[in-house]
Amino acid sequence: MSALLEVAQLRTHFLTRAGVVKAVEGVSFTLERGEILGLVGESGSGKSVTGFSLIGLVDPPGRIVSGSIRFDGQELVGLAPDRMRALRGKRIAMVFQDPAATLNPVLTIGAQMALAVQAHGGGSERAARDLAARTLTRVGIPDAAARLDAYPHEFSGGMRQRVAIATALLHGPELIIADEPTTALDVSIQAQILAEMKQLAKQSGTALIWISHDLATVSSLADRVLVMYAGRIVESGPVASVLRAPLHPYTRGLLDSLPAMARPGEKLNQIPGSTPSLLSLPPGCPFAPRCPRATDICRSDPPVVTQPGRMALCHHPLEMAAA
Amino acid sequence: MSPALSAFWQEYRENWIAVVALAVVAIIVAAALFAPWIAPQDPYDLANLELANARRPPGFVGSDGYVHWLGTDAQGRDLFSAILYGLRISLQMGIAAGAVALTIGTLLGVLAAHAGGKVEAGIMRLVDLQLSFPAILLALVLVAVLGQGRVPLIIALVTAQYAYFARTAYGAATAERQKDYVEAARATPLPGRRVVFRHILPNCLPPLIVVGTVQVANAIALEATLSFLGLGLPPTEPSLGMLIANGFQYMMSGRTWISVYPGIALIVLIVAINVVGDQLRDQFNPRLRR
Amino acid sequence: MSAILTAEHVTRRFSPRVTLGDRIAGLLGAKVDRRAVQAVTDVSLQVQQGETLGLVGESGCGKSTLGRMLAGILPPSEGAVRLSGASPMRGKHKTTTRIQTVFQDPNASLNPRIRIGDTIAEGPISHGLVTRANAPAMVAEWLSRVGLDPAFATRFPHQFSGGQRQRVAIARALAMQPEVLVCDEPVASLDVSIQAQILNLFLDLRQQLGLTCLFISHDLSVVRHVSDRVAVMYLGRIVEMGEAAKVYAAPRHPYTQGLLDSVPKLMLGGNEGLSFKPISGELPSPLSPPPGCAFNPRCPKATELCRRERPPLTAREDGTLVACHHA
Amino acid sequence: MLGYIIQRLLQAALVMLAMSALVFVGVYAIGNPIDVLISPDATQDIREAAIRHYGLDLPLWQQYLAFLGRLLRGDLGTSFVLNIPVTDLVFSRLPATLELALASVLIGAFIGIPLGVYAGYRPESPLSRGIMAFSVLGFSVPTFWIGLILILTFAVNLDWLPAGDRGPTVEVLGVGWSFLTWEGLQFLLLPALNLSLFKLAMMIRLSRAGTREVMLSDTVKFARAAGLSELTILRRHVLRLISIPLVTVFGLEFGSTLAFAVVTETIFSWPGVGKLIIDSITSLDRPVMVGYLVLVAFLFVTINLVVDLTYALLDPRLRRGGRAA
């Protein structure tokens with residue numbers, strides 16, 4: 001059987017007043033059924049835009065300019081809007097960052113979930129509410145049937161995110177894209193949601209793309225990790241080996257920036273400089289200006305993928321043996 | 001031009017309708033400003049008027065050799081001249097009333113936002129009450145009580161409009177007040193006056209400019225309406241509204257130009273100002289920026 | 001060492017406005033919600049000269065409110081804050097310049113219409129710390145000390161990246177020559193790589209200037225990295241306070257334990273298990289905190305005593321203060 | 001919620017008291033109150049009798065209390081010109097205005113909201129630009145001018161509809177209504193259209209702005225991610241979200257329409273209260289002016305109260321929170 005998702009040379013650009021923002025520039029990866037993939041990067045790395053590209057919800061003025069997204073063998077780039085809609089929520093679902101903003105404040109939880117149920121095939125209002133209540137119970141909301149008539153503001157942040165997750169789970173999708181779903185939550189609630197998501201994904205065999213800026217979160221959840229920088233995937237591989245022995249200097253720098261990796265009070269091994277503007281990327285490797293290993297070739301020629309299997313987009317990858 | 005301003009102008013230029021509107025406003029303001037030199041006739045000088053020339057259609061050549069391109073009104077005034085002078089009055093009234101209302105309203109709004117407590121509650125209750133009360137009614141009653149003339153009219157227009165500015169300034173100032181940089185200024189600590197005038201007030205200006213533009217247009221329309229109802233300026237200084245009102249009775253008999261041309265001038269002016277205001281509103285709205 | 005900044009039984013309430021209508025409705029027998037939110041309850045602490053005290057807790061625990069009271073921005077409802085023995089405020093207004101604050105979001109804490117040089121200079125000029133003529137030199141010095149090009153003084157905030165803006169905000173606070181610096185989540189809105197730069201800058205400047213600091217953050221590892229002592233807050237109270245190394249190595253309060261366990265760790269050896277252990281349940285509403293120990297509904301060790309009696313914050317043999325019946 | 005209702009009622013009463021005091025001071029204390037109460041051509045004897053009768057020789061605060069007392073009994077004096085009690089006069093004219101205002105607000109809402117939602121949904125389409133151009137016109141062009149053009153076009157040139165007056169009415173509940181007959185409707189159409197254009201423009205702009213903002217929100221994005229069709233998103237999510245501010249605007253606009261009817265009624269000779277107030281101003285019929293003011297103030301305070309309470313009822317965040325201030 002082929003992979004569930006095959007993304008090849010995806011490019012998503014935003015035509016803004018200031019110029020073309022190349023938010024996603026040549027992203028390729030595959031995702032197996034039931035696999036959990038971590039998509040890690042700092043703000044502006046293109047990780048969220050990648051997620052929205054997959055589900056066909058890039059806001060104008062952004063659009064997919066080229067590349068291919070094959071979902072279960074079907075090409076999604078250029079798919080007719082109504083066929084794309086039929087996939088969304090049914091086979092590919094998405095959970096967003098801020099649960100306070102995603103739920104409609106003036107509709108009850110039950111009404112919103114019923115709309116999501118009925119979006120894919122009729123069914124009675126009654127059946128829709130039953131399904132909603134059952135799914136809410138699955139994500140750990142007690143007394144779900146009674147809470148269908150509550151409004152979002154009557155829930156806590158963690159509970160609202162559970163409602164959003166339940167909405168995504170309604171039709172038993174094959175793929176869930178989760179865009180920083182725990183960033184807006186407290187640590188103790190984040191831990192609850194992470195544990196539940198991991199369990200739900202394993203139980204139902206749903207593939208999960210977990211977009212996050214937090215390496216630690218991804219490391220305890222994902223099977224494989226993709227590290228993004230300036231719209232490109234700079235490194236990918238099984239999560240444990242990437243974190244134990246990163247090939248790309250950026251991944252190394254990211255790990256060294258974590259206070260948890262250093263002795264308290266000691267200076268952190270910081271990456272100098274800041275993320276380049278996506279409007280005017282340097283020729284060659286976009287990380288070169290901040291990279292301790294950069295040489296002339298990095299500044300002139302774009303790097304190519306090295307080390308198949310464990311992939312890194314770098315002229316001078318770190319030695320695997322260094323670990 | 002500062003870089004911020006030139007970037008603003010760059011964006012403004014992209015909407016050609018707004019550019020045309022701005023040009024129209026500029027031309028009308030210039031025409032009104034130089035009316036005494038442009039207008040073929042001084043419409044206020046009753047000695048110039050001859051009844052023989054009254055209600056003549058556009059293109060009529062008057063007894064004194066004028067070509068009345070837009071015709072004449074019931075008193076024999078050259079309509080083109082009357083419109084230029086009428087625009088002058090309309091603009092004077094609109095801008096004067098707008099400026100006074102802007103000043104009073106902004107001060108009240110910012111004061112309410114800054115003082116808080118009872119002062120805030122008192123001012124904003126009054127403003128809200130007035131906002132719910134239609135401007136035209138208020139102006140009608142004030143003109144009825146105060147009598148006709150420029151000053152009563154401006155008082156009426158200001159009373160009818162200051163509340164919009166106060167509400168806008170208050171809204172903007174309370175939003176600013178909650179922003180971190182105001183808290184940072186207070187935490188330094190900087191003196192209260194400096195916080196208000198250097199940090200809060202300048203950041204309230206964009207919405208006030210938008211409301212200001214729209215309110216000048218509204219003041220002009222309101223003045224015209226009051227004049228149309230016979231409650232505006234005295235008939236010796238006909239504003240656009242009064243010219244239209246005077247022509248109304250001749251409309252049924254087919255002499256439409258007496259009302260229609262002043263009306264077109266009025267509408268072009270108001271529409272142009274509103275289009276400019278709309279564009280400014282869009283450009284100032286951070287939620288629609290990309 | 002001596003305490004430079006102290007809080008004595010500080011409490012802060014935010015009361016709802018009860019209108020006349022509410023009162024009449026109350027007389028008619030309707031239920032009127034007059035419960036005040038008690039953001040901070042009876043907190044006492046001391047910040048010693050030269051140390052960094054970390055204040056850590058989840059959102060809504062009152063750490064920011066406590067920080068704002070200690071910084072002299074918000075007056076306490078009860079109790080007193082003293083900076084070297086004197087209150088930093090008169091009435092509702094801050095009077096001292098000796099304590100300065102760095103805020104969370106540098107995009108919001110810098111006025112977008114003011115050049116950053118003027119932002120840095122306006123406080124010192126208005127308090128006579130520098131003359132108008134000498135201000136540019138002072139601005140240039142501070143910009144270079146926080147790692148920015150002095151020529152940037154004439155730029156506006158939007159011309160900077162988030163990390164650079166936070167550097168400006170730090171320069172603004174330090175240009176006031178404070179003895180105490182309150183940092184309210186200074187790196188929460190920054191990316192990891194930028195966060196490391198700002199933390200390094202903070203460590204450098206703290207050492208160079210001999211600053212006393214209160215460092216507020218929800219991020220346990222960040223607090224651990226910069227703090228000498230740490231105070232853990234839950235629902236408006238301090239539940240555990242002591243030397244950072246001891247609290248992190250051997251947390252005594254079940255909440256501290258649970259919080260530390262909740263944080264996902266970097267898993268370098270595969271992830272078959274979970275690298276974290278969630279605390280069960282949710283934060284209770286601060287409008288109606290549970291009786292007894294506020295943590296009892298979520299606590300694995302809770303007993304009848306915990307539901308009945310609130311444990312006081314008491315010192316243990318190694319000097320750590322803990323508010324728990326069973327620790 | 002009960003507390004909020006009581007609070008708003010108290011405020012409404014306070015506002016009415018303040019309005020009555022203002023009217024009292026403005027008309028009775030500054031002007032010569034006897035001018036308001038007695039026709040100028042009354043004899044000296046009648047004047048003096050009236051002064052005693054109305055207690056104008058008493059201290060000011062007692063006069064105010066007496067004025068309040070008369071107000072509460074519904075006694076607003078008698079029109080000089082028509083010699084009818086002001087209360088009767090105003091109430092006989094009110095239905096015509098109410099009918100006109102309601103018709104125009106309904107036209108504004110039922111045409112304006114769909115157009116505005118469309119313009120907000122597809123802000124770049126040519127039709128949307130057309131709708132917005134129309135709304136700028138409707139917003140800018142003064143009501144009286146539109147009235148003139150309507151008369152010129154439909155009454156004078158095309159001769160399709162009557163140019164003025166109210167035409168025949170049908171008595172229901174003791175009040176005459178136009179909209180019940182075809183002929184009556186014809187008389188109602190032009191003035192209602194005239195009065196509605198401003199509302200229409202306003203409704204278009206408000207619903208467009210609301211829609212645009214909501215369409216960019218995560219709520220809509222999340223609904224799309226769940227596979228909802230665009231029509232469902234518009235109907236169930238967007239409309240519901242923008243309806244709360246729209247309902248309140250609808251209420252407030254109904255109030256201001258009553259006032260703006262002044263212009264339309266003058267142009268179309270529509271026999272409502274607006275026409276009445278203009279006539280009373282030009283004929284210096286002060287009791288009518290005073291009575292009208294007090295009544296309109298009362299109407300406005302009531303409308304505002306209803307709007308505020310509706311708002312609190314519609315928004316679940318306010319409804320169940322119990323605190324709506």
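Proteins get letters first, then strands, A, B, ... in listed order; numbering begins at 1 in each. Computed from heavy atoms alone, side chains included, the values below leave out hydrogens, waters and symmetry copies. Computed from a predicted model, the values in this text were never measured in an experiment.
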Heavy-atom proximity to chain A below 4.5 Å, by part of Leu203(C): side chain
Applying a strict 4.5 Å limit to non-hydrogen atoms, the region of Asp204(C) in contact with chain A is side chain
More than 12 heavy atoms from other groups under 6.0 Å of CD on Gln203(A): yes
Test item: Gln192(A) side-chain N/O and Gly281(C) main-chain N/O as donor-acceptor pair under 3.5 Å: yes
Taking a cut-off of under 4.5 angstrom between non-hydrogen atoms, the residues of residues 185-195 of chain C near chain A are Asp191(C), Val192(C), Ser193(C), Ile194(C), Gln195(C)
Ranked by heavy-atom pairs below 4.5 Å to chain C, first place among Ile271(A), Val187(A), Leu243(A) goes to Val187(A)
Separation between CG (Leu215(A)) and NZ (Lys265(C)), nearest 0.5 Å, reads 15.0 Å
Counting heavy-atom pairs under 4.5 Å with chain C, the top scorer among Gln270(A), Arg290(A), Met261(A), Arg263(A) is Gln270(A)
Looking only at Asp256(A), Val242(A), Leu194(A), Asp214(A), the option with the highest number of non-hydrogen pairs under 4.5 Å against chain C is Leu194(A)
Closest heavy-atom contact between Ala191(A) and Phe276(C)? O-CE1, 3.2 Å
Which atom of Ala216(A) lies closest to which atom of Pro264(C), heavy atoms considered: CB-O, 3.3 Å
Which bit of Arg298(C) is near chain A, if near means a heavy-atom gap under 4.5 Å: side chain, backbone, both or neither? side chain
Within residues 222-238 of chain C, the residues sitting under 4.5 Å from chain A by heavy atom, in sequence order, are Val222(C), Arg224(C), His225(C)
For Ser285(C), which atoms come within 4.5 Å of any heavy atom of chain A: side chain, backbone, both, or neither? neither
Any sub-3.5 Å donor-acceptor pair from Gln197(C)'s side-chain atoms to Gly273(A)'s backbone N or O? yes
Would you compute the distance between atom CG of Leu268(A) and atom CD1 of Ile198(C) and round it to the nearest 0.5 angstrom? 12.0 Å
